[in-house]
Amino acid sequence: ENMEGEFEVTSLTKVKRLPKRAVYNKKQVYDILDEGLICHVACAVGMQTHMLPMGYGRKDDYLYVHGKSSNFILKSLLDPESSEACVTVTLTDGLVYARSLFHSSMNYRSVVIFGRFEQVADEEKNAALEIITDHLMPGRWAEARTPTPSELKGTLVLRIKLEAVSAKVRTGGPVDDKEDYDMNLWSGVLPITTRYETDKLVRDELTPADKTNVAPSPCITQYKRN
């Protein structure tokens, strides 16, 4: 996988406010996408804008999503009469407590993608769904039942090429106005982390009585994002 180079900066992808926080480096952008779990996909149909949070997966220069074949938004994403799509992924790393509310902020890493989705062909659906599954639940595709023909028929899988892309990243502590440093008030960063509580697994309540001794597999007990 080639993650070298930079995304082209265009009038659409250029970060205009606080451009020093802009990131166009492909590896940094892909690292954010590979850490995230949920993307928000938006498009306009006529005078109405629609947005949907979705799990996703990435491989090479494509981001994949899926849903029910009758899903209005997914079908709209393929409609040439609809607008191009906008996809966002955001990771929140901390709450930034400044001495003034105006300068309080968040530390974050966010990616914005523009473009048109295309439908994944039937013969490529399984491979695309494996990409999504192994992004969200690494290792699960190899051990769980894979989709049946009827399940595949009822599933629409789309992908968008990662071309018109930019990221924006904030790190560090607050920057207050000079006069506010005289305030007797704590200022700094409250870090935010995501934890997967493998020590607090909850077994499916509908597990048959003769299967209650089945232990969770290592891909769950040792869950780790790639």
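Worth saying up front: this structure is predicted, and the values here are computed from it rather than measured.
- Between K211 and R203 the shortest heavy-atom distance is O-NH1, 3.8 Å.
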Open item on the list: Please determine whether side chain to side chain contact (heavy atoms under 4.5 Å, CB included) holds for the pair L91 and E35, giving the CA-CA distance in whole Å, both sets of side-chain angles, and the decisive distance to 0.1 Å.
Closed with: CA-CA 8 Å; L91 306 175; E35 186 175 338; 3.7 Å; yes
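- Atom-to-atom distance recorded for L78:CG and Q119:CD is 5.5 Å, nearest 0.5 angstrom.
- Counting only distance, with no hydrogens or angles, the side chain of K14 and the backbone of P19 share no donor-acceptor pair below 3.5 Å.
- Annotation for S76 and S82: closest pair O-OG, 3.1 Å, computed over non-hydrogen atoms.
- Between V96 and G173, the closest heavy-atom pair is CG1-C, 3.9 Å.
- A distance of 8.5 Å separates CD1 in I113 from OG1 in T88, rounded to the nearest 0.5 Å.
- Expressed to the nearest 0.5 Å, how far OG1 of T10 lies from CZ of F114 amounts to 8.0 Å.
- Using modelled atom types, no side-chain atom of S110 and backbone atom of T90 make a donor-acceptor pair closer than 3.5 Å.
- Proximity of a side-chain donor or acceptor of S166 to a complementary backbone N or O of T13 within less than 3.5 Å is detected.
- When each of D182, N184, D176 is paired with R99, the side-chain hydrogen bond (donor to acceptor under 3.5 Å, both in side chains) condition holds for D176 and for no other.
- The two residues G55 and I38 make their nearest non-hydrogen contact at N-CD1, 4.1 Å.
- Atom CD1 of I160 and atom CZ of R116 lie 10.0 Å apart (nearest 0.5 Å).
- At least one donor-acceptor pair under 3.5 Å links the side chain of K125 to the backbone N or O of L152.
- Crowding of L18 atom CG: a count of heavy atoms from other residues, nucleotides or ligands under 6.0 Å exceeding 12.
- In E151, the CD atom is crowded: over 12 heavy atoms of neighbouring residues, nucleotides or ligands sit closer than 6.0 Å.
- Residue E6 holds its CD atom at 13.0 Å from NZ of K27, rounded to the nearest 0.5 Å.
- Within 6.0 Å of atom CE in M106, 12 or fewer heavy atoms from other residues, nucleotides or ligands are found, so the atom counts as exposed in its surroundings.
- Using modelled atom types, no side-chain atom of D93 and backbone atom of T193 make a donor-acceptor pair closer than 3.5 Å.
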Open item on the list: Could you go through E130 and R140, starting from their C-alpha distance and side-chain angles, then the distance that decides it, and tell me whether this counts as salt bridge (charged side-chain N to carboxylate O under 4.0 Å, His left out)?
Closed with: CA-CA 9 Å; E130 182 177 359; R140 192 61 165 176; over 6 Å; no
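- Formation of a donor-acceptor pair under 3.5 Å by the D60 side chain with backbone atoms of Y62 is not found in this model.
- Note that CG of L136 is 12.0 Å distant from CD1 of I131, once rounded to the nearest 0.5 Å.
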Open item on the list: Working note: L77 + V41, criterion side chain to side chain contact (heavy atoms under 4.5 Å, CB included); need CA distance, chi angles, decisive distance, verdict.
Closed with: CA-CA 9 Å; L77 290 169; V41 182; 3.7 Å; yes
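- In F102, the CZ atom is not crowded: 12 or fewer heavy atoms of neighbouring residues, nucleotides or ligands sit closer than 6.0 Å.
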Task: Criterion side chain to side chain contact (heavy atoms under 4.5 Å, CB included) on V87 and V111, from CA distance to verdict - done: CA-CA 8 Å; V87 183; V111 172; over 6 Å; no
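- W141 has its side chain within reach of L129: a pair of non-hydrogen atoms, C-beta onward, lies under 4.5 Å apart.
- Formation of a donor-acceptor pair under 3.5 Å by the N25 side chain with backbone atoms of Q28 is found in this model.
- Because its NZ or CZ atom is both nearer than 6.0 Å to the ring centre of Y30 and within 45° of the ring axis, R58 counts as a cation-pi partner of that residue.
- Residues V189 and G94 share a closest heavy-atom pair of CG1-CA, 4.3 Å.
- Side-chain atoms of D34 and H135 include no donor-acceptor pair closer than 3.5 Å.
- Taking the six-membered ring where the residue is Trp, the centroids of Y24 and F7 are separated by 6.0 Å or more.
- Taking the centre and axis of the six-membered ring of Y108, the NZ or CZ atom of R170 falls outside the cone set by 45° and 6.0 Å.
- In plain terms, the two heavy atoms of Y97 and S187 that are nearest each other are O-OG, 2.7 Å.
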TODO: Could you walk me through whether R17 and K168 pass the side chain to side chain contact (heavy atoms under 4.5 Å, CB included) test, one step at a time?
DONE: CA-CA 10 Å; R17 185 176 184 278; K168 193 173 181 181; 4.2 Å; yes
